[in-house]
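Written out below as C-alpha cells is the structure these notes cover.
Since the structure is predicted, the reported quantities are computational estimates derived from the model, not experimental observations.
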Amino acid sequence: MKDAFGTPQSLLILGGASDIALATARRLIARRTRTVWLAGRPSPDLENAAVHLRGLGAETHTITFDALDSESHEAILGKVFAEGDIDMVLLAFGVLGDQANDERDPVSAARVAQTNYTGAVSASLVCARALQTQGHGSLVVLSSVAAERARRSDFIYGSSKAGLDTFTQGLGDALHNTGVHVMLVRPGFVRTRMTAGLPQAPLATTPEAVACAIELGLRRRSETVWVPGALRLVMATLRHMPRAVFRRLPL
C-alpha cells in the first residue's frame, strides 16, 4: 500500500528500459518502493536496468512484454498482479518514429500508432481492471505536449499521443471514486536516448525532472501533470492560435 505521501511500495513499469521510467523508479526506491517489475522486450538494456535497481535495494523482476501483441497483455500482466498487489503502474513505452520516413512508409507509420496508442489502450485497460479489483493503486501514463496540437514536424507521433491522451482522460473519469488514481503526464522535449541527436526544443527537460513531477503528482493525486509546468501556459496559447499563423511557426 502507499504511505501517507502517496509513495508506492510496489511498482510495475511497462517499458522497463525507459530513461524516464528508470529515473522515476530510482526516486521512488529512495523513498519507500521495495518491489519493482520491469516489463518489456528482452534486451541487455532491460537486464541492466534490473541489475541497477537491485543495487539500489529493490526486489526487481523482469517480464517479457510486447506492446504490439495486445492479445498477450491480459495473460502476461495478470501474472504480475497474481503475485501480489501493485500500488503503481507506470506506462512508459512508446516510439518516436521517423516522420520523414513514416510519411513515405504507411507500415512504419502504423507501427508508431499501434505502439503508442493501440498497445497502450490494451495494456491500460488490463492494468486498470486489476487495480480496480484490488481496490487501490495509481495508473500513471506518459503522454506528451505533442498531443496538444498537430505539428508538421511530428504529426504521426503527435496524433498517436493525442489518442492516448484523450483515452487516459476518459479512463480517469471512468475510474473516479473506485479507489484507482489515473494520472496523465505531459512532458515537453526530454533529453533521453530516444531524442539523442534531435535539435533541442525550448523548455527541454530531463528524465529526473519528469520523475520529480511524477512523485509530486502522486502526493497531490493530480490528474494531469505538465513538465515543466510552464508548458501549460505555452500550450494554452498555441492551442488557440489561428491555424494559418500556427503553421508558419518554426515548430
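For residues 34-48, the salt bridge (Lys or Arg N to Asp or Glu O under 4.0 Å) pairs, not counting sequence neighbours, are Arg41-Asp66, Asp45-Arg193. Applying the salt bridge (Lys or Arg N to Asp or Glu O under 4.0 Å) test to residues at least two apart or on different chains, the pairs with a partner in residues 239-250 are Glu148-Arg239.
Put simply, the side chain of His181 does not reach to within 4.5 Å of the side chain of Val140, judged on heavy atoms. Met88 has its side chain within reach of Leu218: a pair of non-hydrogen atoms, C-beta onward, lies under 4.5 Å apart. Side-chain atoms of Leu139 and Leu171, non-hydrogen and from C-beta on, do get closer than 4.5 Å to each other. Looking only at side-chain heavy atoms (C-beta outward), Phe65 and Ser72 stay at 4.5 Å or farther from each other. The shortest side-chain heavy-atom distance between Ser108 and Asn101 falls under the 4.5 Å cut-off. Side-chain contact between Arg26 and Ile29: absent, with no pair of heavy atoms (C-beta onward) separated by less than 4.5 Å. You'll find the side chain of Val145 stays beyond 4.5 Å of the side chain of Pro187, heavy atoms only. Counting only heavy atoms from C-beta outward, the side chains of Met241 and Leu249 approach each other to under 4.5 Å.
Between the side chain of Asp87 and the backbone N or O of Gln9, at least one donor-acceptor pair lies under 3.5 Å. With hydrogens and angles ignored, the 3.5 Å screen pairs no side-chain donor or acceptor of Asp19 with any backbone N or O of Thr192. Between the side chain of Gln99 and the backbone N or O of Ile156 there is at least one donor-acceptor pair closer than 3.5 Å. Of the possible donor and acceptor atoms, none in the side chain of Arg221 sits under 3.5 Å from a partner among the backbone N and O of Gly217. A side-chain donor-acceptor contact under 3.5 Å links Ser144 to the backbone of Ala146. Side-chain N or O atoms of Ser18 include one that pairs as donor or acceptor with a backbone N or O of Ile20 at under 3.5 Å. Gln132 places no side-chain N or O within 3.5 Å of a backbone atom of Thr178 that could act as its donor or acceptor partner. In this structure, the side chain of Thr206 engages the main chain of Ala209 through a donor-acceptor pair within 3.5 Å. Side chain of Asp165 to main chain of Lys161: no donor-acceptor pair is present (N/O by atom type, distance under 3.5 Å, no hydrogens or angles). A donor-acceptor pair under 3.5 Å is formed between the side chain of His240 and the backbone N or O of Ala236.
Rounding to the nearest 0.5 angstrom, the gap separating the CG atom in Leu184 from the CG atom in Leu91 is 11.0 Å. Atom OG1 of residue Thr62 and atom CD1 of residue Ile13 lie 12.5 Å apart, to the nearest 0.5 angstrom. Rounding to the nearest 0.5 Å gives a distance of 8.5 Å between CG of Leu90 and CG of Leu28. Note that CG of Leu131 and CG of Asp85 are 9.0 Å apart. Values are rounded to the nearest 0.5 Å. Here the OG-CZ distance, from Ser10 to Arg32, works out to 9.5 Å after rounding to the nearest 0.5 Å. Rounding to the nearest 0.5 Å places OG1 of Thr205 at 8.5 Å from CG of Leu231.
Both Phe81 and Ile76 belong to a single network of hydrophobic side chains, linked directly or stepwise wherever heavy atoms of I, L, V, M, F, W or Y lie under 4.5 Å apart. Hydrophobic clustering (side-chain heavy atoms under 4.5 Å, transitive across Ile, Leu, Val, Met, Phe, Trp, Tyr) groups Val36 together with Ile214. Val141 and Val225 end up in different hydrophobic clusters when Ile, Leu, Val, Met, Phe, Trp and Tyr side chains are linked at under 4.5 Å. Note on Met235 and Phe155: separate hydrophobic clusters, where clusters join Ile, Leu, Val, Met, Phe, Trp and Tyr whose side-chain heavy atoms are under 4.5 Å apart, directly or indirectly. The hydrophobic clustering, which links ILVMFWY residues whose side-chain heavy atoms are closer than 4.5 Å, places Val190 and Val112 apart.
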- Run the numbers on Thr224 and Arg186 for side chain to side chain contact (heavy atoms under 4.5 Å, CB included), then give the verdict. CA-CA 7 Å; Thr224 305; Arg186 292 179 181 145; 3.7 Å; yes

- Let me see the working for Leu142 and Leu164 under side chain to side chain contact (heavy atoms under 4.5 Å, CB included), right down to the final yes or no. CA-CA 9 Å; Leu142 292 185; Leu164 175 61; over 6 Å; no

- Query: How far apart are the C-alpha atoms of Cys127 and Leu77, what are their side-chain angles, what is the distance that settles it, and do they pass the side chain to side chain contact (heavy atoms under 4.5 Å, CB included) test?
  - Reply: CA-CA 7 Å; Cys127 290; Leu77 298 177; 3.8 Å; yes

- Task: Take Ser43 and Asn48 through the test side chain to side chain contact (heavy atoms under 4.5 Å, CB included) and record every step on the way to the result.
- Result: CA-CA 9 Å; Ser43 70; Asn48 290 338; over 6 Å; no

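Salt-bridge formation is detected for the pair Glu74/Arg129: a Lys NZ or Arg NE/NH1/NH2 atom is positioned less than 4.0 Å from an Asp or Glu carboxylate oxygen. Salt-bridge formation is not detected for the pair Glu83/Lys79: no Lys NZ or Arg NE/NH1/NH2 atom is positioned less than 4.0 Å from an Asp or Glu carboxylate oxygen.
More than 12 non-hydrogen atoms from other residues, nucleotides or ligands lie less than 6.0 angstrom from CD of Glu208.
No option in Leu12, Thr60, Leu11, Val89 other than Leu12 meets the side chain to side chain contact (heavy atoms under 4.5 Å, CB included) test with Trp37.
Annotation for Val185 and Val210: closest pair CG1-CG1, 4.2 Å, computed over non-hydrogen atoms. Between Val227 and Ala213, the shortest heavy-atom contact is CG2-CB, 3.5 Å. The two residues Ala92 and Gly15 come nearest to each other via the heavy atoms CB-O, 4.3 Å. Listed here is the closest heavy atom pair of Ala17 and Leu46: N-CD1, 4.1 Å. Looking at every heavy atom in both residues, Leu22 comes nearest to Gly16 through CD2-O, 3.4 Å.
Residues His73 and Glu71 have side chains that never bring a donor and an acceptor to within less than 3.5 angstrom of each other.
Classified by interplanar angle (parallel below 30°, tilted 30° to 60°, perpendicular above 60°), the ring pair Phe167/Tyr117 is perpendicular.
Within the hydrophobic cluster formed by Ile, Leu, Val, Met, Phe, Trp and Tyr side chains joined at under 4.5 Å, directly or through other members, Leu68 stands alone, with no partner residue.
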